[in-house]
There are 4 protein chains.
Amino acid sequence: MKAISKSQIKRDALVKATICLVNNNGFHATPMSKIAKMANVSPATIYLYFKNKQDLANQVYMEVKAEFSSFAFKDYDPGMSVEEGFQKIWMNIATFKLREVDHALFLSQCDNTPMIDEESRQQGLKHLEPLVELWERGKKEGILKPLSPFVLYAFTIYPITFLMNIENGGLCKVDEQALEKAYVAAWDSIKL
Amino acid sequence: MKAISKSQIKRDALVKATICLVNNNGFHATPMSKIAKMANVSPATIYLYFKNKQDLANQVYMEVKAEFSSFAFKDYDPGMSVEEGFQKIWMNIATFKLREVDHALFLSQCDNTPMIDEESRQQGLKHLEPLVELWERGKKEGILKPLSPFVLYAFTIYPITFLMNIENGGLCKVDEQALEKAYVAAWDSIKL
Amino acid sequence: MKAISKSQIKRDALVKATICLVNNNGFHATPMSKIAKMANVSPATIYLYFKNKQDLANQVYMEVKAEFSSFAFKDYDPGMSVEEGFQKIWMNIATFKLREVDHALFLSQCDNTPMIDEESRQQGLKHLEPLVELWERGKKEGILKPLSPFVLYAFTIYPITFLMNIENGGLCKVDEQALEKAYVAAWDSIKL
Amino acid sequence: MKAISKSQIKRDALVKATICLVNNNGFHATPMSKIAKMANVSPATIYLYFKNKQDLANQVYMEVKAEFSSFAFKDYDPGMSVEEGFQKIWMNIATFKLREVDHALFLSQCDNTPMIDEESRQQGLKHLEPLVELWERGKKEGILKPLSPFVLYAFTIYPITFLMNIENGGLCKVDEQALEKAYVAAWDSIKL
DNA sequence: GATGAATGAGTTTTCATTCAT
DNA sequence: TATGAATGAAAACTCATTCAT
């Protein structure tokens with residue numbers, strides 16, 4: 001049915017190679033030629049799909065971020081209770097970060113270094129809108145502390161990135177049980 | 001009294017320029033020539049003080065990390081109660097990160113990208129030893145949740161970095177009051 | 001018939017430029033940029049054909065040495081008498097050194113300075129095997145003095161290099177007749 | 001008696017360091033800073049004794065060459081018979097090259113690469129005048145073949161350099177007996 | 001005389017990007 | 001669409017030489 005064009009295959013290979021190489025070496029230490037080689041493509045071919053290196057980074061960022069967001073709100077329903085909804089989203093994000101390590105690491109690199117255009121970065125922020133709305137409701141309902149979304153994010157979602165980095169460095173292993181305990185910490189930090 | 005040698009002045013200028021430029025562009029996008037220019041020095045002069053670019057990064061990292069640690073434990077006394085001690089350290093770190101933005105941003109870059117030698121990074125980790133010990137005591141005394149130091153760090157210290165980044169991006173301002181509220185979130189997340 | 005690729009032409013130009021410039025200035029005093037300029041090529045292009053400067057030197061050495069060897073044993077037949085065979089080889093080598101001055105000078109540089117990898121140098125030594133075998137036979141047959149191949153080489157082949165250098169410096173001219181006389185000196189020095 | 005000035009000591013150290021380093025790395029791969037370090041002297045000090053790097057090379061060359069020449073004609077007396085005189089000189093030179101390896105190697109480098117000014121090189125050639133005169137006499141007396149001094153040199157003196165290089169590379173050992181046999185080869189090559 | 005610090009000019013090498021095919 | 005070859009511009013780093021002390 002779905003005929004995936006040869007073009008699409010090549011583009012996908014380029015995106016994948018970019019993620020892999022940037023994760024291991026950083027953006028500026030990743031030459032276009034290596035990306036091309038890993039994608040089994042000529043360097044010149046990259047420029048058929050992307051305007052330049054910066055554009056490649058931006059596009060990959062946007063795509064991975066979109067994938068992340070859609071994952072984050074899987075099975076989430078705005079009709080859920082605040083706690084239930086938050087737990088669902090938190091667990092989704094944690095699962096993504098701990099299981100889709102490559103993509104999560106890439107996002108972490110993008111969010112912590114000046115490799116992405118400010119514009120694209122702003123776009124990326126919008127993706128968490130539903131979570132922000134949930135938080136607003138929680139505050140109105142007197143369930144959550146009256147904290148700005150930035151602070152709420154800092155103490156609940158951002159820590160997962162640290163755990164991912166640590167696990168990826170081999171310093172610890174985050175299993176099901178550890179995840180449950182981490183969730184409690186996250187919830188305790190923001191619940192009233 | 002203290003005669004600061006001309007050499008020391010030049011070295012300091014180089015360290016400062018490195019921090020500034022790496023913060024703005026990232027390590028690999030910061031050429032030695034620009035560091036030299038900002039420090040009002042010839043590129044060749046850098047190599048009188050540092051073996052190469054990697055060595056420059058490592059040395060600056062170690063120095064800033066040491067500064068950070070000494071700041072983190074200012075006025076801290078292992079004889080304090082767990083909560084009192086934790087608050088002291090947390091506030092120190094937050095103050096450092098929100099006031100000494102340049103240095104904190106630099107550490108954040110170092111900790112989130114592969115720009116520092118693994119060896120130097122390991123050295124840097126040792127600096128938080130007293131905090132880890134405090135946590136161990138807290139767990140024994142039944143005051144803290146039985147979480148690994150990694151998780152405790154992720155939910156109390158790591159979030160501050162996010163707030164710093166956000167504030168630095170101009171998206172929000174963290175004042176005294178916001179800091180107090182953030183501290184509560186940190187403490188709530190780990191206290192039993 | 002034989003279509004010589006554009007690549008081959010460029011590589012040849014680089015090899016030729018290397019030989020010329022190294023002969024005139026020495027290896028370390030010959031910058032890649034000058035080699036590129038003489039070959040009408042961008043400096044970066046050199047690195048499409050050679051891994052680095054050392055590799056360039058090694059490859060050129062190996063090629064010229066191979067050319068030298070094949071020239072040295074042209075029309076030589078192991079079935080010849082010792083004297084006949086020796087004369088043939090000696091004359092070949094002399095002709096090469098006095099006529100293919102550029103290539104011979106280059107080999108002389110390589111053999112007298114630490115510019116070539118030890119490995120490549122060892123490879124180069126193997127090329128004279130047939131001459132060494134001829135000498136062994138000559139000693140067994142009681143025609144040659146019982147000297148080690150090193151000494152035999154020193155007094156018969158090595159002197160040609162000196163004549164080449166002198167002629168190249170414009171201090172003398174070695175014509176057909178002078179060559180014959182030189183050959184006699186060479187043969188007299190090792191024959192019993 | 002002979003008070004060797006501090007200056008002289010320093011200059012000697014510089015000369016010695018130059019010889020050592022040039023032998024091991026070649027002239028252009030030997031930085032002034034390393035010469036200074038090996039001579040326990042500041043780089044700037046070199047310029048008190050030598051105008052520049054080229055001048056340093058030239059002066060060292062001239063001095064070593066002079067030492068070589070004086071060694072070559074030790075105990076030689078123009079009144080000796082041609083053969084006796086030649087043997088004396090040949091043995092002197094061989095002894096120098098095989099025993100004063102450092103200095104001989106240095107001369108070999110100078111004579112085989114473009115590191116010395118043409119002018120200094122010309123100066124160096126003059127040192128062998130007495131040997132050339134001996135040869136002229138030998139030719140007149142019908143003892144030597146009617147060959148130009150260049151050819152005579154090529155087949156008698158120049159080979160010693162090869163043996164020195166080989167011995168220095170550890171490929172063979174030239175003992176007293178081997179030297180005698182080598183001398184015979186040298187003499188046979190030029191005697192009538 | 002002696003030097004440590006400093007540097008301008010130059011070295012090797014890399015890489016994002018283009019272009020003829 | 002796809003590419004291999006080519007390169008200008010710039011990177012990290014070196015070094016002969018100078019100069020204030």
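Every value quoted in this text rests on a predicted model; they were computed, and no experiment measured them. Letters A, B, ... are given to chains in the order of the sequence lines, protein chains preceding strands, and every chain is numbered from 1.
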**OP:** With heavy atoms under 4.0 Å as the rule, sort D:K10 into base, sugar-phosphate or nothing.
**Re:** sugar-phosphate
Original post:
A:S108 and side chain to side chain contact (heavy atoms under 4.5 Å, CB included): which partner among A:N168, A:N23, A:T161, A:T113?
Top reply: A:T161
Subject >> Sole residue of C:D117, C:D111, C:T18 in side-chain hydrogen bond (donor to acceptor under 3.5 Å, both in side chains) with C:Y61 >> reply: C:D111
Original post:
Going 5' to 3' on DNA chain E, which nucleotide is the first and which the last to come under 4.0 Å of a heavy atom in chain A?
Top reply: E:dC15 to E:dC19
**OP:** Check DNA chain F for consecutive Watson-Crick or G-U pairs with both distances under 3.5 Å and list the runs of at least three as stems.
**Re:** E:2-21 with F:2-21
Subject >> Candidate pair B:Q59 and B:F50, rule side chain to side chain contact (heavy atoms under 4.5 Å, CB included), full reasoning >> reply: CA-CA 8 Å; B:Q59 285 200 36; B:F50 307 95; 3.6 Å; yes
**OP:** Any chance you could lay out the side chain to side chain contact (heavy atoms under 4.5 Å, CB included) test for A:E100 and A:E67, step after step, and finish with the verdict?
**Re:** CA-CA 11 Å; A:E100 300 272 358; A:E67 185 208 359; 4.3 Å; yes
Subject >> Non-hydrogen atoms of D:A36 and D:S42 that approach each other most closely >> reply: CB-C, 3.9 Å
Original post:
Under a 4.0 Å heavy-atom cut-off, which of residues 46-62 of chain A touch DNA chain E?
Top reply: A:Y47, A:N52, A:K53
Subject >> Stepwise side chain to side chain contact (heavy atoms under 4.5 Å, CB included) test for B:V60 and B:V22 >> reply: CA-CA 11 Å; B:V60 175; B:V22 168; over 6 Å; no
Original post:
Closer to the 5' end of DNA chain E via nearest nucleotide, is it B:V41 or D:A44?
Top reply: D:A44
**OP:** Please confirm whether the backbone N or O of B:F27 pairs with a side-chain atom of B:K53, one donor and one acceptor, at under 3.5 Å?
**Re:** yes
**OP:** Applying side chain to side chain contact (heavy atoms under 4.5 Å, CB included), run through B:M32 and B:Y47 and close with a yes or a no.
**Re:** CA-CA 10 Å; B:M32 297 296 259; B:Y47 295 88; 3.5 Å; yes
Original post:
Under 6.0 Å from the CD atom of A:E119, do we count more than 12 heavy atoms belonging to anything else shown?
Top reply: no
**OP:** Check the distance between F:dA16's P and D:I35's CD1 and give it to me in whole angstrom.
**Re:** 8 Å
**OP:** Would you mind reading off the distance between A:M32 atom CE and F:dG4 atom C1', rounded to a whole angstrom?
**Re:** 16 Å
Subject >> Between F:dC15 (C1') and D:K37 (NZ): distance, integer Å >> reply: 13 Å
Original post:
Taking atom CD of B:E118 as the centre, does the number of heavy atoms from other residues, nucleotides or ligands within less than 6.0 Å exceed 12?
Top reply: yes
Original post:
Can you tell if the side chain of A:S120 reaches within under 4.5 Å of the side chain of A:M62, non-hydrogen atoms only?
Top reply: yes
Subject >> Residue mapping more 5' on DNA chain E - nearest nucleotide basis, A:A29 or A:S42 >> reply: A:A29
